[in-house]
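Every number for a ligand or one of its atoms is a count from 1 in the order of the listing.
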Amino acid sequence: MHKMLSCLRGRVRYVSTTLTPSARASETYTNPSSTPEPAVSTSPQNIAPEQRRILEAALRVDQAGELAANWIYRGQMVILGSHPKVGPLIQTMWDQEKHHLAVMDKLRIQHRVRPTILSDIAKTAGFGLGVATALMGKEAAMACTEAVETVIGEHYDDQLKDIETLSSSHPSVRILSTIIQEFRDDELEHLNTAVNHHSQRAPAHALLSTVVSCGCKMAIELCKRF
Ligand SMILES: [Fe+2]
Ligand SMILES: [Fe+2]
């Protein structure tokens, strides 16, 4: 995990097209003063059916993952929100997940991708996981974050390779790639935060990590398809 963290750190996270160097690419979707441009309002029309399938699966699973992440943090906040140390930490990560979800919702609509039919299950499972791990203690809540963000960070990193196979030079594909890099780095920051706040001191850390990781990987495969 730490090896992956160091491997992935420091990669480009800014879009290199028409945005100012200091802007996060994803803010183009959430900043009301942004002017609509083809990169954020159109979808490539000239890609092969297989490439369209890759794009649709990517956006469907990413939107579902951000939805579930929001509900995990929501569940953790119910139990630990008033904790003086971890409450603000969890809130900060949740706020970033809210931004991720808002952007993924817009990307999904832009590229006309249907949402997963498993949205309600993702919300319920995420909320349950957040509450359950928070009830086990703040270290277990952080261990949950560590496991989830490891899987999601790897998922986004793998997905970048899939996006690179899209032959389209359409600007929406370029900005999507930049946003996935940006979100991957955010998820790895969350992972780092969890480790720095003693996730590995959680009771039955190895078992908890395995269960949460396997659940996340299974959910990713299901949401790609359904
Ligand atoms: Fe996220
Ligand atoms: Fe995250």
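Residues Glu146 and Ser199 share a closest heavy-atom pair of OE1-OG, 2.8 Å.
As for Glu187, its N/O/S atom nearest the Fe ion (ligand 1) is the one called OE2. Closest approach between the Fe ion (ligand 2) and any N/O/S atom of His190 involves ND1. The atom of Glu149 nearest to the Fe ion (ligand 2) is OE2, with the search restricted to N, O or S atoms. Glu97 contributes atom OE2 as its closest N/O/S atom to the Fe ion (ligand 2).
Coordination check, Glu66 versus the Fe ion (ligand 1): passed, since an N/O/S atom of the residue sits under 2.8 Å. The Fe ion (ligand 1) has an N, O or S atom of His100 inside 2.8 Å of it.
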Next on the checklist: side-chain hydrogen bond (donor to acceptor under 3.5 Å, both in side chains), that's the test. Do His190 and Glu97 meet it? Break it down for me.
Outcome noted: CA-CA 10 Å; His190 297 170; Glu97 301 299 357; 3.1 Å; yes

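Between Phe183 and Tyr156, the two ring planes are perpendicular [angle over 60°; tilted spans 30° to 60°].
The cluster map of Ile, Leu, Val, Met, Phe, Trp and Tyr, joined by side-chain heavy atoms under 4.5 Å apart, puts Leu80 and Met142 in the same cluster.
A salt bridge is defined here as a Lys NZ or Arg NE, NH1 or NH2 lying under 4.0 Å from an Asp or Glu carboxylate O, and Glu56 with Arg53 fails to meet this definition.
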